[in-house]
Amino acid sequence: MAAQDAGRVTIADIAREAGVSLPTVSRVLNGRADVSPSTRRRVEDLLAHHGYRRRAAQPAGRAELIDLVFNDLDSPWAVEILRGVEDVAHAAGLGTVVSAVHHRSTSAQQWLVNLRARASDGVILVTSDLAPELHAELRRLGVPTVIIDPAGVPTFGIPTIGAMNWAGGRSAVEHLLSLGHRRIGVITGPATLLCSRARLDGYRAALESAGVEIDDRLVRRGDFSHEAGFTAGTELITLPDPPTAIFASSDQMALGVYEAARQHDLRIPDDLSVVGFDDLPQVQWSPPPLTTVRQPLDEMGQVAVRTLLRLIQGETLESPHIELATQLVVRSSTGPARG
């Protein structure tokens, strides 16, 4: 990088050249003491060499960092959202700090401690209920916040980005009904999550619209994991009168159903039709390729960053809540109901 390129130099560039993390550069810029003298000197020398200056419109300094906070990072679902966030953040010259709080209040509190210790331009929370104390602290810190796939009813004043889960659940079951299936099992996500409840409601709405009685024995609760799909799938296919089709409200659970079917010598879709939800990249290669409801996970991440950038710039949003369309993707895991 040449000094004359200073107008285009970001702290990500400085961090890369200095061989340090983005938060370290941010701490140097904000005059924090928790940086070793040698590292501080190396970063300051590079900042001076490239003529880096904070933007005058931001007296406190733009960190050129955003925080992306998941409950967990052990799912391909999270990777797709991260991909979308990174695409837009990188194009905007922003670094991304990724954290997982693992559903524990102590982890959330530690993340807040870390946030206070460094600068951040904004926060994106994924599948989260914004606890009142967390909301209050983010407001006190003046950090703009967006929620992707809110766990519950959206907090007033916090923008949310989600998918049309009810419509997606309904389209999955309508597809199975069109193939002649009438005993259709469902494996839901956690009852605490808004998306889980919406997909289950879509399942029920499709059955009711078709005049098919809802059998509660065909409803199983899961947690979106492969293991939950296997356990619930095993319970469903070993019923005295098992379903001919199963709607698993995540792809991971659908693949768990695949394994349950394999262990009980059931062929998909000849003996059992399966529909998932998400359209993760790997399911098009599963044997057989999975019929699923695509929710635009990468686009949800992209829209979240664009929304956050508007908040950072002080713009007024036309609507605080955005729902992106889902789409049924028909592959080879569904077929006509067996006679």
Side-chain angles (χ1 to χ4, degrees), residues 70 72-84 87 126-127 148-149 162-165 167-176 178-179 181 184-190 193 195-196 198-200 202-203 206 220 222-234 236-237 243-264 266-302 324-336:
F70 293 90
D72 288 293
L73 279 169
D74 57 357
S75 166
W77 177 91
V79 174
E80 292 305 303
I81 287 183
L82 175 58
R83 192 192 316 278
D87 284 347
V126 184
T127 315
I148 294 178
D149 209 7
M164 295 181 178
N165 291 290
R170 178 164 181 159
S171 69
V173 179
E174 285 178 340
H175 169 64
L176 294 170
S178 75
L179 295 170
H181 296 279
I184 302 173
V186 63
I187 306 174
T188 77
L193 297 184
C195 63
S196 299
R199 292 171 199 176
L200 178 59
Y203 161 88
R220 290 293 186 276
D223 62 5
F224 293 147
S225 70
H226 183 281
E227 294 78 10
F230 173 77
T231 299
T234 300
L236 287 169
I237 64 180
T244 62
I246 294 176
F247 166 44
S249 56
S250 80
D251 285 351
Q252 290 288 93
M253 292 197 299
L255 296 179
V257 173
Y258 270 37
E259 179 60 19
R262 186 190 68 80
Q263 291 192 16
H264 287 80
L266 296 178
R267 296 166 300 166
I268 297 171
D270 297 340
D271 302 316
L272 178 70
S273 285
V274 181
V275 180
F277 201 110
D278 285 329
D279 196 24
L280 299 174
Q282 66 265 34
V283 301
Q284 62 182 308
W285 309 112
S286 57
L290 178 67
T291 294
T292 187
V293 177
R294 181 180 188 272
Q295 63 167 334
L297 298 170
D298 56 347
E299 187 180 354
M300 288 161 65
Q302 292 169 6
L324 303 177
T326 54
Q327 177 186 3
L328 179 69
V329 180
V330 179
R331 297 194 180 100
S332 305
S333 67
T334 50

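What you are looking at is a predicted structure, and each value in this text was computed from that prediction instead of being measured. We're numbering straight along the sequence, starting at 1.
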Is there a donor-acceptor contact under 3.5 Å from the side chain of [X] to the main chain of [Y]?
X    : Y    : value
Y258 : P288 : yes
S333 : V274 : yes
R331 : L290 : yes
S171 : G168 : yes
S196 : P190 : yes
R199 : S249 : yes

Run the numbers on L236 and I246 for side-chain contact (heavy atoms from CB on, under 4.5 Å), then give the verdict. CA-CA 9 Å; L236 287 169; I246 294 176; 3.9 Å; yes
According to the side-chain hydrogen bond (donor to acceptor under 3.5 Å, both in side chains) rule, which pairs have a member within residues 281-290, sequence neighbours left out?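 Qualifying pairs, neighbours excluded: none.
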At their closest point, which heavy atom of [X] faces which heavy atom of [Y], and how far apart are they?
X    : Y    : result
P243 : L272 : O-CD1, 3.8 Å
G233 : V257 : CA-CG2, 4.2 Å
A254 : G276 : CB-CA, 3.9 Å
A228 : G222 : CB-CA, 3.9 Å
Q302 : G84  : CG-O, 3.3 Å
I187 : G229 : CD1-O, 4.0 Å

Are a donor atom and an acceptor atom from the side chains of H175 and T334 found within less than 3.5 Å of each other? yes
Drop me the distance from [X]'s [atom1] to [Y]'s [atom2], to the nearest 0.5 angstrom.
X    : Y    : atom1 : atom2 : answer
Q295 : E80  : CD    : CD    : 10.5 Å
H181 : T244 : NE2   : OG1   : 5.0 Å
L266 : I237 : CG    : CD1   : 5.0 Å
L328 : T291 : CG    : OG1   : 7.0 Å
L200 : N165 : CG    : CG    : 12.0 Å
L82  : D298 : CG    : CG    : 11.5 Å

Go through the steps for L280 and Q252 under the test side-chain contact (heavy atoms from CB on, under 4.5 Å), then give the verdict. CA-CA 9 Å; L280 299 174; Q252 290 288 93; 4.2 Å; yes
Got Q327 and D279 here, is their nearest side-chain heavy-atom distance under 4.5 Å?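 Side-chain contact under 4.5 Å: no.
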Run through L193, D278, D251, T188 and flag the one making a side-chain contact (heavy atoms from CB on, under 4.5 Å) with F224. L193
Can you tell me how the ring of F277 sits relative to the ring of F247, calling it parallel under 30°, perpendicular over 60° and tilted otherwise?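 Plane angle between 30° and 60°, so tilted.
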What residues, two or more places apart in sequence or in another chain, satisfy side chain to side chain donor-acceptor pair (under 3.5 Å) together with Q263?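 Testing Q263 for side chain to side chain donor-acceptor pair (under 3.5 Å), a comparison that skips the adjacent residues, returns E259.
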What's the verdict on side-chain contact (heavy atoms from CB on, under 4.5 Å) for V275 and V173, showing C-alpha distance, side-chain angles and the deciding distance? CA-CA 8 Å; V275 180; V173 179; over 6 Å; no
